[in-house]
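Heads up, the thing below is written out as structure tokens.
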Amino acid sequence: MSNLLGGLNPPQHAAVTLPPQHALILAGAGSGKTRVLTTRIAWLLQTGQVGPHGILAVTFTNKAAKEMLLRLTAMLPINTRGMWIGTFHGLCNRLLRAHHRDANLPQLFQILDSADQLAAIKRLLKGLDVDDEKYPPRDLANFINGQKEAGLRPDAVEAWDEYTRKRVELYREYEAQCQREGVADFAELLLRSYELLQRNEPIRHHYQGRFRHILVDEFQDTNILQYRWLKLLAGGGANLFCVGDDDQSIYAFRGAEVGNMRDFEREFRVDNVIRLEQNYRSHGNILDAANAIIKHNAARLGKNLWTDAGSGEPIRVYEAFNDTEEARWIVEEIKSLAAEGLARREMALLYRSNAQSRVLEHALFSAGLPYRVYGGLRFFERQEVKHALAYLRLIANADDDGAFLRVVNFPARGIGARTVEQLQDAARMEKVGLHETAKRGGKAAAFAALIDRLKAACEGLTLPETVEQVLTLSGLRAHYQAEKEGQDRLANLDELVNAAENFVAEEGNVDAEGEVSGELAAFLAHASLEAGEHQAGEGDDALQLMTVHSAKGLEFDVVFISGLEEGLFPHENSVREDKGLEEERRLMYVAVTRARKRLYISHAQTRMLHGQTRYNLPSRFFDEIPAELLKWLTPKLARGPAAVPGRPTFAAPRRPAWAEPAPAAVVRRSAAQETGGFRIGQNVAHAKFGQGIIVNAEGAGSDARVQVNFGREGVKWLALSVAKLTAV
DNA sequence: CTGAGAATGATTTTT
DNA sequence: TCATTCTCAG
């Protein structure tokens, strides 16, 4: 046991060995959160306080769940089979499969991923003849998911206006459609299993009695329903051990409720919150910067990271002339770091929004620097894989109309939109599935027969054999073989067979019964719940490009945070309310704490965004970092030559001599933009609004007006004859 | 049914 | 700007 606890610092040790009780662990970035969580489980098991059966550990991502399992098996020579360790959705799926009758679901119910759900909603609107301009499918999906995540069924949603009433009605219809087709979306997995536990006393008692210790990772990311789900499961006296960091809550926009942490502390009478504040990742200056930034947020649970690793290097700051030049500088910097022997995979380039990656990628590509962008299409989301899965879904559940529609004419077999529409009308009239309707004759009968034939052909086959059969008999293989550009897609189809093989080989994926139908259903669930790796190329030494959001949980020796500008980071859509701004600040906190040894932050005076040149002020986050932690690589917030009021200056924004020539659009201005004695891109000061930057101008003489971006004060049009503007 | 051109709109994302 | 979606002609 001693080796289990060896090397833990006092708060970590305290957390791991806490006697049975509810606990809230405030775990700062890089403070050994996962280690504490897994060691806690190992300790509970090793001290005999609980058997594997009594453990429930829940995470948000499959990656985190796998990591936990991996570390646990490394610590203890134990069979992890009996333990419930997984994502919220994964565990709910498990629960619903085990009790599908009580949950009123078919045994082989399918899981809709977001794309499937959207398609289902579009289909629903079409069938009901609802104007999808007035009720955009995406909005409706958000609405429905939002209600489900708040634990509300259509009957429980309060609708005061006609519009909401209609949306609730559509929610109701959507539910009916899903039920008819035997499918469940992500939010449904949560809500359905919550309701199952709530309504079914024997089942609830069983699980409440079984799970003695419930451990939650990233607790700050739980939504209302997830918290209620946890409370329900813990209702039989289990100990809830929640680990999280309110300062790293960056998912409020998708329903995460940081308030759950406070609520948990209160409702479960957690009297000693344990804080993990010693950071094992970053050098001191980086942590000081992070601490200083996050201090600007109100209503924190409170935490201050520290390290004994020494303060390290200052944070390097760069002010670029424009986005292209910023990218060029980053490339140079990375090249020289690489020349010093630093692995490229240890360097990350972070940005607030995906649109920013283009310029960066362009520069990297031109320089021949290998890089890898996170966030592309994932394996199970690829078109050809989705098609293959649709056939498999139809074998498992012929009522799956979504799958039916996806492949009824793919590969093309002469079943056009007209035919499909007739089929849908008929199906609606008789209240049966499309497959059933198709069987009764008409053009699609052959397709229905194909599905039945597939099903028969796969009887008794193993999962990989089934996939193989489907690829061939469906004509998918032949289709892509005939296509000129089909080679990659063919390779992915082969990869799907591999995935099936691996899935079967992997222990724990298939429950003991092991019958083929169960195997298939489990594989399909796996495909929906775990869309696969973002992109290949793990092995090679490439620079890592990603949004700040996707960087959460990762760490790198060197981190660049680019585009630190008002409007971009913090994002303009977020600065209106305090809540939004605080989340942006937490995002910045997350970004900063990714760096181990060296941190670069940069901004550009001018940036091309959505086809327009934008002039952004430097992000307020620069001001929130103590100046002594920063090392300016460019003159500190130096400004261009001051304009003498009344005497026009036409100088372009300040640009280092060595920078590439400014793009024509910037140099060549229209007459209107030049008028008024101030120039676009110039920094100015206003008595009331403070400092800003001129983003537009029009008129001349006494009519001259300029548009100024005052950052947090907003963007304003000012008449030069009235407003007292001074050049800075 | 397909493919070219227009229209549109653009934080952040996992399951 | 640019990627995606939509529309309409062939």
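What you are looking at is a predicted structure, and each value in this text was computed from that prediction instead of being measured. Just so we're on the same page: letters track the sequence lines, and every chain starts at 1.
Applying the side-chain contact (heavy atoms from CB on, under 4.5 Å) test to Ser562(A) and every residue at least two apart in sequence or in another chain returns Glu326(A), Ile330(A), Leu349(A), Tyr351(A), Gln356(A), Leu360(A), Ser602(A).
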Pick out the pairs of N or O atoms, protein on one side and nucleotides 7-10 of chain B on the other, that lie under 3.5 Å.
| from | atom 1 | to | atom 2 | distance (Å) |
| --- | --- | --- | --- | --- |
| dA10(B) | N3 | His610(A) | ND1 | 3.3 |

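When DNA chain C is scanned in the 5' to 3' direction for atoms under 4.0 Å from non-hydrogen atoms of chain A, the outermost contacting nucleotides are dT1(C) to dA3(C).
Proximity of Arg378(A) to the phosphate of dT15(B): a side-chain N or O atom is located under 4.0 Å from OP1 or OP2. Asn354(A) has no side-chain polar atom (N or O) that falls below the 4.0 Å cut-off from OP1 or OP2 of dT11(B). The side chain of Ser550(A) places an N or O atom within less than 4.0 Å of a non-bridging phosphate oxygen (OP1 or OP2) of dT13(B). Regarding contacts with the backbone of dT13(B), a side-chain N or O of Thr547(A) is found under 4.0 angstrom from either OP1 or OP2. Considering only side-chain N and O atoms, Asn62(A) lies under 4.0 angstrom from the phosphate OP1 or OP2 of dT15(B).
Ring-base stacking between His89(A) and dT15(B) is not satisfied when judged by a centre separation under 5.5 Å and a plane angle under 30°. Under the stacking criterion of a centre-to-centre distance below 5.5 angstrom and an interplanar angle below 30°, Phe186(A) is not stacked against the six-membered ring of dT14(B).
Comparing dT15(B), dT14(B), dT12(B) against the side chain of Arg254(A) picks out dT14(B) as the nearest.
Comparing the C1' positions of dT14(B) and dA3(C) gives a spacing of 23 Å, expressed to the nearest Å.
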